[in-house]
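Each chain gets a letter, A, B and so on, in the order its sequence line appears, and its residues count up from 1.
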Protein chains: 2
Amino acid sequence: MAREKIKIRRIDNITARQVTFSKRRRGLLKKAEELAVLCDADVAVVIFSATGKMFEYSSSSMKELLGKYKLHPNNNVEKVGESLNLQESEELSRMGKELLDKDLELSQLRGEDLHGLTLEELERLETLLEGGLSHVLRTKDEQIANQITSLQQKGFQLMEENNLLKQQMMTLTSSNGKRPWSTAAELDISVTNPDDQVLSTDSVTTHVCSCNGGSPPEDDCSDTALKLA
Amino acid sequence: MAREKIKIRRIDNITARQVTFSKRRRGLLKKAEELAVLCDADVAVVIFSATGKMFEYSSSSMKELLGKYKLHPNNNVEKVGESLNLQESEELSRMGKELLDKDLELSQLRGEDLHGLTLEELERLETLLEGGLSHVLRTKDEQIANQITSLQQKGFQLMEENNLLKQQMMTLTSSNGKRPWSTAAELDISVTNPDDQVLSTDSVTTHVCSCNGGSPPEDDCSDTALKLA
DNA sequence: GACGCTATCTATAAAGG
DNA sequence: TCCTTTATAGATAGCGT
């Protein structure tokens, strides 16, 4: 690709060599990138000039690419062994153990694999489960109480609004003596929230009653639950 | 540089892409070698096809070259040296996530971090905990029942042995009319184990009553914690 | 035959002396 | 920059699995 063909051997003339290096280096890196892009390949190029300068191209992270290179089957076990660095494999096995531990604990908490356990271990589990259960029940009761409170507030608000509106209407229509609207007392306000989460009277009662010794709800309205209408 | 100019973007046609890959790969490796020879440079090229095949060129030993790359001031030594293994780091992060999941589940089962949960989630936990608790209690009851049964057996066995011995002694000593031993009926057999784990009659009764369908004890008395006084 | 890859041929774009 | 030499797109054929 030039005026005349050259032999592929070290260029003696230093200047010419440097010029050629510069041109061909750029060409090589460009071709590398083209190959990577055109063919969806991972390509890495590292070039050291005779003077020690470094040039590189990598289609993805050089780190990853060299990692891939090292664990490729072509490369002998020694190299692969090198890449398995100590810290990482330690970390891996540590995490593996931890995972196993947690799996065991979880399955025991679910009530599986209990048969090898001593009485002490069973009682530890019992305490844990009872503690967890009471926390869960308390939190659930709090949530239900909160929902009820907010529903009640909403209900009262709506009723007030209703009454106000009705009074206004009565005033407006008192001249012709008509009274086509019902009073607030006749409205049925059920304690159901807008989603499919329905709080039946039954379950609410049960749950609230089961909250023995839990801290009482703060801005407490729970006792008045379901006393609307 | 061909019949027609192409855009440098991924070639969609798979066959065309493979052909181009094959051609350009050779071209790139050839250019790399030429650069190394002509300009007295150290050049390394690593190519992974989209299908995972690897191709490489290195003007000197690839290992040495990569070593040089690692040592180059541009790269801090650790980057390349440390975590080169993609699979390993993926595994690590996967395990990390799993650990976090299990930690969360465990802490929720212990009753922590419950405040962001919906009613459904709380009820899931409740069910899990209740199920686990009932399993644990059942297992504990079984163990206690087993211990009691084996203790009773041992006790009876010992008493029989005692009686036998006493009879023998009585026979032996009947001549001089002495009788220095108490009868079995006067011995006090309390159901208390040597540790601080006391099984009150009360709790035993309760647990044993709730023990429906436990497996009968083996003939084994070895792990018996309780001692006859 | 299908698939994945390489080889061959030709015209032309790009490299580089 | 010039302009020859190379590389390679596109099409298709070959080849081992």
Q: CD1 of B:I8 versus C1' of C:dA13: gap in Å, rounded?
A: 11 Å
Q: Going by an N to O cut-off under 4.0 Å, is there a salt bridge joining B:E98 and B:R94?
A: yes
Q: How close or far is atom C1' of C:dA2 from atom CD1 of B:I14, stated in whole angstroms?
A: 13 Å
Q: Nearest whole Å is fine: how far is C:dT6 C1' from B:F55 CZ?
A: 11 Å
Q: So if I take every side-chain heavy atom of A:K5 and compare against C:dA15, D:dT5, C:dG17, which nucleotide ends up nearest?
A: D:dT5
Q: What does A:K30 touch in the nucleic acid at a heavy-atom separation under 4.0 angstrom: a base, only the sugar-phosphate, or nothing?
A: sugar-phosphate
Q: Which residues pass the salt bridge (Lys or Arg N to Asp or Glu O under 4.0 Å) test with B:E112, sequence neighbours left out?
A: B:R110
Q: When you compare the side chain of A:L109 with that of B:L129, does any pair of heavy atoms fall below 4.5 Å?
A: no
Q: Just the rounded figure in Å: distance from P of D:dA7 to CD of B:E33.
A: 12 Å
Q: Would you say the side chain of A:I148 lies within less than 4.5 Å of the side chain of A:Q152, judging by non-hydrogen atoms?
A: yes
Q: Step by step, work out the side-chain contact (heavy atoms from CB on, under 4.5 Å) result for B:F55 and B:K53.
A: CA-CA 7 Å; B:F55 307 84; B:K53 275 193 138 182; 3.8 Å; yes
Q: Could you tell me which non-hydrogen atom of B:H115 sits nearest to which non-hydrogen atom of A:E142, and how far apart they are?
A: CE1-OE1, 3.7 Å
Q: Tell me which of B:R26 and B:L38 sits closer to the 5' end of DNA chain C, going by the nucleotide each one is nearest to.
A: B:R26
Q: Over how many whole Å does the gap from B:K7 atom NZ to D:dA9 atom C1' extend?
A: 16 Å
Q: Quick one: do B:R17 and A:D40 satisfy salt bridge (charged side-chain N to carboxylate O under 4.0 Å, His left out)? Show the steps, please.
A: CA-CA 8 Å; B:R17 192 162 68 223; A:D40 199 24; 5.2 Å; no
Q: In this structure, how many angstroms lie between the C1' atom of D:dC2 and the CD atom of A:E4, rounded?
A: 14 Å
Q: Would B:D42 and B:K68 pass as an ion pair if we require N to O under 4.0 Å?
A: yes
Q: Just how far, in rounded Å, is P of D:dA9 from CZ of B:R9?
A: 15 Å
Q: Angle, rounded to 10°, between the helical axes spanning five pairs at each terminus of the helix from C:dA2-D:dT17 to C:dG17-D:dC2?
A: 30°
Q: What is the distance from CZ of B:R3 to C1' of C:dT8, rounded to the nearest Å?
A: 12 Å
Q: Evaluate B:Y57 against B:E33 for side-chain hydrogen bond (donor to acceptor under 3.5 Å, both in side chains), listing each step before the verdict.
A: CA-CA 8 Å; B:Y57 165 78; B:E33 183 177 8; 5.0 Å; no
Q: Of the options D:dG10, C:dC5, C:dA15, whose atoms approach the side-chain atoms of B:T51 most closely?
A: C:dC5
Q: Which residues in residues 15-23 of chain B have a heavy atom closer than 4.0 Å to any atom of DNA chain C?
A: B:Q18, B:V19, B:S22, B:K23
Q: Just checking A:R25: base, sugar-phosphate only, or nothing, at a heavy-atom cut-off of under 4.0 Å?
A: nothing
Q: Between C:dA11, D:dA7, C:dG17, which nucleotide has the shortest distance from any of its atoms to the side chain of B:E34?
A: D:dA7
